[in-house]
Structure formats: structure tokens, C-alpha cells
Amino acid sequence: MIFEAHPSPFPIYKCRNTAQASVQALNLIFEVFEMIHQPDIYVASLDLIRLEDLINTLWNKHSPVRLSLEDELERAKIIDSFQLPDDIVSMNSTVELWVTKSDFPVYMTLVYPYGMKKDGSTLSILSPIGTALLGIKQGEEFYWPGRDGRNIKARLENILYQPERERHYNR
């Protein structure tokens, strides 16, 4: 055996030869890299103002939701709302997603909490997937933490509606 059992959050592989062990180790490295690699994100300047106002209304300054959104906004590249490219998810964008291990696309609109609808067509910016989706470029894969703690992977296939593309700035 190349790898022995030991306490680790990663799977342990039992291999018969060095080549097989090398391939499995490389696959594991790529898996871990994909989970921690975050694509660049771009946020419209008007969205930034509105999201900062939203953050300031959250009473718990240490909540994971608030901290996650603050972290995303901190790493975001801010672009003038009038110059935002058409292939970037902004607030109130309607998107088509392919979630890993799903047989069909998911269509959702990214909204502020007060814009949530009961029909399941909306996604709050304060949800883990909502925060992860903000600022993603069409065609990119992204991750968010699932309820069981494992990362869930999705691909942004299409942006069906983006307010900036339609010049809808007062939303």
C-alpha cells in the first residue's frame, strides 16, 4: 500500500502501484484546488451601494451570512453599473444553472430578501448559493457550501435577463 489510513478529511486511496497512486494523488489535488479556487467576481457599483446598505441592516455582525457576503464584496472588482458586461450576474439577474449531478437546468432570479417569491423562482443574495452566484461570469463554475458541509458545484450556463443590459438601473 502506498497510502496508509490516517485521520484526514480527504479520501484515502489504496493503490497497487506507484503510477496508480500518482494519478489518484493528482486527481485529489485537482479536486481540492477546484473547491478552494474562486473565480473572479465583478459587482456593479449600484449593487455594491445597495448591498452595503443591506449588510448594515443585519443585526448580527458575526453571522455567517453577513461575513460571507462581506468577504465576497471585499474580493469583488467593482465596475460602474453603466459599464457592466452583459455576461456578469448582477442583482435581479435571471440565470440558467446546471448543478452537478442534476439532470436538468435550474432557472432562478437573484434578489434582495424583500424580493423573494414563494414559487421558488427567486434566490436570496443572503443564501449561500446567492452569495456565491453574485458577480460570476457566464460559463464559469462556482461552489457553495451545502447543508451537509460539502461543497456543491454549479455552472452558470446563461444569463437570461440582466438589468444593466436592459438599462434598468432603478430596481
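Residues: numbered from 1 along the sequence shown.
Criterion: ILVMFWY side-chain heavy atoms under 4.5 Å apart, direct or through other members. Under it, L48 and L58 are part of a common hydrophobic cluster. Residue Y114 is grouped with residue I125 when hydrophobic side chains (ILVMFWY) are merged at heavy-atom distances under 4.5 angstrom, including chains of intermediate members. Linking ILVMFWY residues whenever their side-chain heavy atoms come closer than 4.5 Å, directly or via other members, places L123 and I41 in the same cluster. A continuous path of hydrophobic side-chain contacts links L156 to W144 [ILVMFWY only; heavy atoms under 4.5 Å]. Neither Y42 nor L46 shares a network with the other; the hydrophobic side chains, linked directly or stepwise wherever heavy atoms of I, L, V, M, F, W or Y lie under 4.5 Å apart, form separate groups for each.
Within the 3.5 Å criterion, the main-chain N or O of L97 finds no donor-acceptor partner in the side chain of R155. Judged purely by atom type and a 3.5 angstrom limit, D47 uses its side chain to pair as donor or acceptor with the backbone of M91. The backbone N or O of I159 lies less than 3.5 Å from a partner atom in the side chain of R165, making a donor-acceptor pair. At least one donor-acceptor pair closer than 3.5 Å links the side chain of T100 to the backbone N or O of K153. Between the Q162 side chain and the D87 main chain, no donor and acceptor come within less than 3.5 Å of each other. For S93 (side chain) and S90 (main-chain N/O), a donor-acceptor pair under 3.5 Å exists by modelled atom type. For the pair T57 (side chain) and L54 (backbone), a donor-acceptor distance under 3.5 Å is present.
No side-chain heavy atom of L133 sits under 4.5 Å from any side-chain heavy atom of M108. Here the side chains of V95 and I136 are not in contact, with every heavy-atom distance at 4.5 Å or above. Between R167 and Y169, the closest side-chain pair of non-hydrogen atoms falls below 4.5 Å. Within the 4.5 Å cutoff, no side-chain heavy atoms of N60 are placed close to those of R66.
To the nearest 0.5 Å, atom CD of residue E141 and atom CH2 of residue W98 are 13.5 Å apart. The distance from the CD1 atom of I79 to the CG atom of L84 is 5.5 Å, given to the nearest 0.5 Å.
The two residues P113 and L126 come nearest to each other via the heavy atoms CG-CD1, 3.4 Å. The shortest non-hydrogen separation linking S124 to M116 is N-SD, 3.4 Å. The two residues G146 and I152 have their closest heavy-atom pair at CA-CD1, 3.6 Å. Shown here for E164 and A44, the closest heavy-atom pair between the two residues is OE2-CB, 3.8 Å.
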Open item on the list: Between V111 and N92, is the side-chain contact (heavy atoms from CB on, under 4.5 Å) condition met? List the steps.
Closed with: CA-CA 5 Å; V111 298; N92 296 304; 3.8 Å; yes
- [ ] Give the C-alpha distance, both sets of side-chain angles, the deciding distance and a yes or no for side-chain contact (heavy atoms from CB on, under 4.5 Å) between Y112 and L51.
- [x] CA-CA 8 Å; Y112 297 96; L51 289 167; 3.7 Å; yes
TODO: Could you walk me through whether L73 and I55 pass side-chain contact (heavy atoms from CB on, under 4.5 Å), step by step?
DONE: CA-CA 11 Å; L73 292 177; I55 287 170; 3.7 Å; yes
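The residues E72 and R75 are annotated as salt-bridged, a charged nitrogen and a carboxylate oxygen being separated by less than 4.0 angstrom.
Residues T109 and T122 bring no donor and acceptor atom of their side chains to less than 3.5 Å of each other.
Screening N151, L134, I129 for a side chain to side chain contact (heavy atoms under 4.5 Å, CB included) with F142, the sole residue that qualifies is I129.
Within a 6.0 Å sphere centred on CD of E74, heavy atoms belonging to other residues, nucleotides or ligands number 12 at most.
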